[in-house]
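Comments concern the structure below.
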Number of protein chains: 2
Amino acid sequence: MSEVAPLRTPRAATLRKQEHILRAAEQQFARFGFEGVSLETIAVNIGISRQNLLYYYPSKEQLYDAVLDDVLQSWLTGMARMAQHPDPTTAITEYVAAKLRFSQERPSGSAVFTREVMTGAPRYAGRLAEQVLPHLQADVRQFERWAREGLIQRVDFTHLMFLIWACTQAYADLAPQFALLLGKPALEPQDFTTAQSLITGLVLGRLKPNAS
Amino acid sequence: MSEVAPLRTPRAATLRKQEHILRAAEQQFARFGFEGVSLETIAVNIGISRQNLLYYYPSKEQLYDAVLDDVLQSWLTGMARMAQHPDPTTAITEYVAAKLRFSQERPSGSAVFTREVMTGAPRYAGRLAEQVLPHLQADVRQFERWAREGLIQRVDFTHLMFLIWACTQAYADLAPQFALLLGKPALEPQDFTTAQSLITGLVLGRLKPNAS
DNA sequence: GTCTATAAGCAGATAGAC
DNA sequence: GTCTATCTGCTTATAGAC
């Protein structure tokens, strides 16, 4: 009976260590994908042994799933927020800004997702459909509402969301390439500002009611 | 002396087999990245042995380099073509169309690149700067010329190219996710048509001289 | 909780027979 | 050119001492 308590309520130190492992794993999976990462690399990266890592996450697959779940939550909140704004200009501007901020502050999160999708999402197709699809549909319905109210032009809003994702995620996934071609070691805050106004301008310009 | 000929001019069968290996490798590297692919998998995929594959490509790294080089050539021709068109509307429309066609017909090629870039392009940073950068600069100069002639609005053309790449490549790299969210097993020709008019509309709408 | 030791398997690459 | 055999090293995972 004295065994029950420690199992149900892990100590703060345990939670912190799990979080630490999770972040290190996110960065490694982002760069090399599930198959390309060794638990040894993740472990030494944060100064623990491979065996100790396996104590906290019993298998490589469970660790990977935990990383994906952690990233997904950050994604969905942004999508949920857009469906609530009454004004399309504000909603879109803030959504693009939030998505780009995520790319800037946590590029690994975006990259893990992109890699998973590129392999055909074998480990994640289910959760993708169950959790992302409802939010996507809610956002598309919001676009349709704005269109009916005459606030925006009508286009294929699902594909428009795909393109917003593509543009904002590129500033995480393809950041090394962009930086290289800009002749700098890494993207600077100014590049994200430029990207934000450019992406927002592209989308809002196309949706403006009086435009063709 | 009779040894020289076969070494210098490989027979047609050899060339065909190299090409066969190259295509199989491209698909595997696209899905699983350099570290995630085994030569065994590539070999059995086309019905040869791992050792026989190593006869044609002496190492995994040389095979990977050959794949990247093959893909890069297809990329650069499209970029070179845009710098030649006198009319921005035609040039941009055709560039987007060509880029999307590549994503549709050869998604693996795009994915190998994206994966390489996402790992920080350790094997490819040099060639990226040497071969892609000149074409990017030529295209940006063409945009600047159009802007001086009053044919288009002035924006940050380098980042605009980044966004065009992001949008068009997403229809290769993220195609599985898009298809899943659209409720179909794979993207259909109609989806690429929708994407093409949407992307072209976004870019041309923003560059239209009389728009803000 | 963290360690050492080790199992069991697969990777890339080479040597040499045919 | 294609094969069998083999080397070396690294991978995930487990067993068990402390």
Side-chain angles (χ1 to χ4, degrees), chain A residues 2-22 24-29 31-68 115 119 122-123, chain B residues 2-22 24-29 31-68 112 115-116 119 122-123:
Chain A
S2 60
E3 291 172 359
V4 176
L7 285 174
R8 284 171 183 270
T9 54
R11 296 183 315 187
T14 298
L15 288 175
R16 259 187 290 117
K17 197 157 188 178
Q18 282 181 328
E19 177 70 17
H20 200 182
I21 293 171
L22 215 58
E26 179 181 300
Q27 290 187 8
Q28 290 295 318
F29 284 134
R31 287 198 58 185
F32 303 108
F34 182 81
E35 297 88 353
V37 169
S38 72
L39 296 180
E40 178 79 18
T41 308
I42 298 172
V44 300
N45 205 288
I46 54 174
I48 68 173
S49 69
R50 176 180 75 260
Q51 296 86 342
N52 192 222
L53 189 157
L54 281 165
Y55 172 78
Y56 291 95
Y57 291 92
S59 77
K60 188 182 183 180
E61 189 128 11
Q62 286 179 51
L63 172 59
Y64 183 76
D65 279 1
V67 169
L68 277 176
R115 280 197 177 271
T119 73
R123 279 169 266 273
Chain B
S2 60
E3 291 171 358
V4 176
L7 284 174
R8 285 171 181 271
T9 55
R11 295 182 315 184
T14 298
L15 288 174
R16 258 185 291 118
K17 196 157 188 179
Q18 283 182 328
E19 176 70 18
H20 199 181
I21 294 171
L22 215 59
E26 179 181 299
Q27 291 186 8
Q28 290 295 318
F29 285 134
R31 286 198 58 187
F32 303 107
F34 182 80
E35 297 88 354
V37 169
S38 73
L39 296 179
E40 178 79 18
T41 307
I42 299 172
V44 301
N45 204 287
I46 55 175
I48 69 174
S49 69
R50 178 179 74 260
Q51 296 86 342
N52 191 222
L53 189 157
L54 280 165
Y55 172 78
Y56 290 96
Y57 292 93
S59 78
K60 188 183 185 180
E61 188 128 10
Q62 286 180 52
L63 172 59
Y64 184 76
D65 279 0
V67 168
L68 277 175
V112 175
R115 281 198 175 270
E116 172 68 13
T119 71
R123 277 169 267 273

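Labels below follow one simple rule: chain letters A, B, ... track the order of the sequence lines, proteins then strands, and each chain is numbered from 1. Worth saying up front: this structure is predicted, and the values here are computed from it rather than measured.
Within the structure, side chain to side chain donor-acceptor pair (under 3.5 Å) pairs that include any residue of residues 49-59 of chain A comprise A:Lys17-A:Asn52, A:Glu40-A:Arg50 (at least two apart or interchain).
With sequence neighbours excluded, the residues that form a ring pair (Phe, Tyr, Trp, His ring centres under 6.0 Å) with A:Tyr64 are A:Phe29, A:Phe34. Considering only residues two or more places apart in sequence or on other chains, A:Ile46 meets the side chain to side chain contact (heavy atoms under 4.5 Å, CB included) condition with A:His20, A:Ile21, A:Ala24, A:Ile48. Residues passing the side chain to side chain contact (heavy atoms under 4.5 Å, CB included) test with A:Gln28 are A:Phe32, A:Val37, A:Thr41, A:Ile42, A:Asn45, sequence neighbours excluded. Residues meeting the side chain to side chain contact (heavy atoms under 4.5 Å, CB included) test with B:Pro122, sequence neighbours left out: B:Glu116, B:Thr119.
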query: Do B:Glu26 and B:Arg115 pass the salt bridge (charged side-chain N to carboxylate O under 4.0 Å, His left out) test, and can you show the C-alpha distance, the side-chain angles, and the key distance before you say yes or no?
result: CA-CA 12 Å; B:Glu26 179 181 299; B:Arg115 281 198 175 270; over 6 Å; no
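At least one side-chain nitrogen or oxygen of A:Tyr56 sits closer than 4.0 Å to the OP1 or OP2 atom of C:dT2. The phosphate of C:dC3 has OP1 or OP2 within less than 4.0 Å of a side-chain N or O from A:Ser49. At C:dT2, one or more side-chain N or O atoms of A:Asn52 fall inside 4.0 Å of OP1 or OP2 (strictly under the cut-off).
Look at CD on A:Glu35: it is 14 Å from C1' on C:dC10, rounded to the nearest Å. Look at CG on A:Leu53: it is 15 Å from P on C:dG1, rounded to the nearest Å.
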query: Where along nucleotides 7-18 of chain D does protein come under 4.0 Å, by heavy atom, of base (B) or sugar-phosphate alone (S), with - for untouched nucleotides?
result: ----SBBB----
